[in-house]
Novice: 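One structure, as structure tokens, below. Some questions next.
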Amino acid sequence: MNDKDMPASRHTAPNTLAAAIRRGREAAGLSVRQLAPLVGAHHSVLSRIEAGAVARPSPELVQNIAAALELDPSDLLAFIGVKSTMPEPKVYFRRAYGMSETEAAEAASIIENLRAHQQEEQ
């Protein structure tokens, strides 16, 4: 079997942005042409990203791809050198879940207690 006969997914290294996007797209059952309008990019751009020809697509495009494929954006962003910064738990809970300050503080406290309990068990 020569390179032309190999599936395209074998042309990219397994731990690359290209491979991660291809795996996510294939798992979602989407073609490159189907994904393109969901992320606001031309299908040729996505094809070049999956082929490894675009090493550093914009963070915005990477986030759009992650959202469309229901992947963790921080995992994909790490491939292009963007470190994800998570807000403090209370801020996150308020933004993500529309919690009040009191509810967010309570949720953060529950998580902190759970983590402390897990560390005690180790």
Side-chain angles (χ1 to χ4, degrees):
M1 177 182 281
N2 64 34
D3 275 353
K4 290 181 182 177
D5 297 328
M6 292 177 69
S9 59
R10 291 190 186 172
H11 287 282
T12 55
N15 292 320
T16 63
L17 176 64
I21 290 173
R22 180 180 299 276
R23 281 191 306 271
R25 181 182 55 75
E26 290 174 347
L30 296 171
S31 70
V32 171
R33 287 184 181 266
Q34 291 170 321
L35 178 60
L38 300 176
V39 302
H42 194 270
H43 65 86
S44 65
V45 172
L46 295 179
S47 292
R48 289 178 30 234
I49 291 170
E50 285 191 7
V54 178
R56 284 189 53 97
S58 73
E60 180 182 15
L61 178 55
V62 172
Q63 288 177 323
N64 290 348
I65 292 169
L69 299 177
E70 298 181 1
L71 300 173
D72 184 344
S74 61
D75 290 344
L76 295 186
L77 288 167
F79 285 111
I80 61 169
V82 176
K83 294 182 180 179
S84 176
T85 56
M86 291 291 293
E88 291 184 40
K90 288 192 297 187
V91 174
Y92 174 78
F93 292 135
R94 289 191 67 185
R95 287 181 188 166
Y97 300 107
M99 293 181 170
S100 69
E101 180 68 31
T102 304
E103 292 169 329
E106 186 176 335
S109 176
I110 290 169
I111 298 296
E112 288 172 16
N113 289 338
L114 177 62
R115 292 185 77 197
H117 178 72
Q118 289 173 335
Q119 288 177 352
E120 288 173 3
E121 290 181 347
Q122 290 178 353

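It should be emphasised that the depicted structure is a prediction, and the values quoted were computed from it without experimental measurement.
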Novice: Compare every heavy atom of Ile80 with every heavy atom of Leu17, then report the nearest pair and how far apart it is.
Specialist: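 Shortest heavy-atom separation between Leu17 and Ile80 comes out as CD2-CG2, 3.8 Å.
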Novice: Quick one: are Leu61 and Val45 in side-chain contact, heavy atoms under 4.5 Å?
Specialist: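 Contact flag for Leu61/Val45 side chains = yes.
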Novice: Could you list the residues that satisfy side chain to side chain contact (heavy atoms under 4.5 Å, CB included) with Pro89, not counting sequence neighbours?
Specialist: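 Residues passing side chain to side chain contact (heavy atoms under 4.5 Å, CB included) with Pro89: Phe93, Ala108.
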Novice: Please, which pairs that meet salt bridge (charged side-chain N to carboxylate O under 4.0 Å, His left out) have at least one residue in residues 55-77, sequence neighbours excluded?
Specialist: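 Every pair satisfying salt bridge (charged side-chain N to carboxylate O under 4.0 Å, His left out) with a residue in residues 55-77: there are none.
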Novice: Going through the checks in order, is the side chain to side chain contact (heavy atoms under 4.5 Å, CB included) test met by Asn64 and Leu38?
Specialist: CA-CA 8 Å; Asn64 290 348; Leu38 300 176; over 6 Å; no
Novice: Mind listing the closest non-hydrogen atom pair of Lys90 and Ala104 along with its distance?
Specialist: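 Heavy atoms of Lys90 and Ala104 come nearest at O-CB, 3.4 Å.
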Novice: Taking all non-hydrogen atoms of both residues, which atom of Pro37 and which atom of Arg33 are closest, and how far apart?
Specialist: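 Scanning both residues completely, I find the closest heavy atoms to be CD-O, 3.1 Å.
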Novice: Testing Arg22, His42, Glu50, Arg48 one by one against Val32 for a side-chain contact (heavy atoms from CB on, under 4.5 Å), which residue passes?
Specialist: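 Exactly one candidate clears the test, Glu50.
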Novice: What's the shortest heavy-atom distance between Ile65 and Val39, and which atoms?
Specialist: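 Looking at all heavy atoms of both residues, the closest pair is CA-CG1, 3.6 Å.
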Novice: Would you give the length of the straight line joining atom OG of Ser74 to atom NZ of Lys83, rounded to the nearest 0.5 angstrom?
Specialist: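 Between atom OG of Ser74 and atom NZ of Lys83 there are 13.0 Å.
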Novice: Hey, could you give me each pair passing side-chain hydrogen bond (donor to acceptor under 3.5 Å, both in side chains) that has a residue in residues 96-109? Not counting sequence neighbours.
Specialist: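 Checked against side-chain hydrogen bond (donor to acceptor under 3.5 Å, both in side chains) - neighbours excluded - the pairs reaching residues 96-109 are Arg94-Glu101, Ser100-Glu103.
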Novice: Measure the spacing between CD of Glu26 and CG of Leu69 and express it to the nearest 0.5 Å.
Specialist: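 CG of Leu69 is found 11.0 Å from CD of Glu26.
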Novice: So which heavy atom on Ala18 is nearest to which on Gly52, and how close?
Specialist: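 Nearest heavy atoms, Ala18 then Gly52: CB-N, 4.0 Å.
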Novice: Begin from the C-alpha positions of Val62 and Ile49 and carry the test side chain to side chain contact (heavy atoms under 4.5 Å, CB included) through to its verdict.
Specialist: CA-CA 10 Å; Val62 172; Ile49 291 170; over 6 Å; no
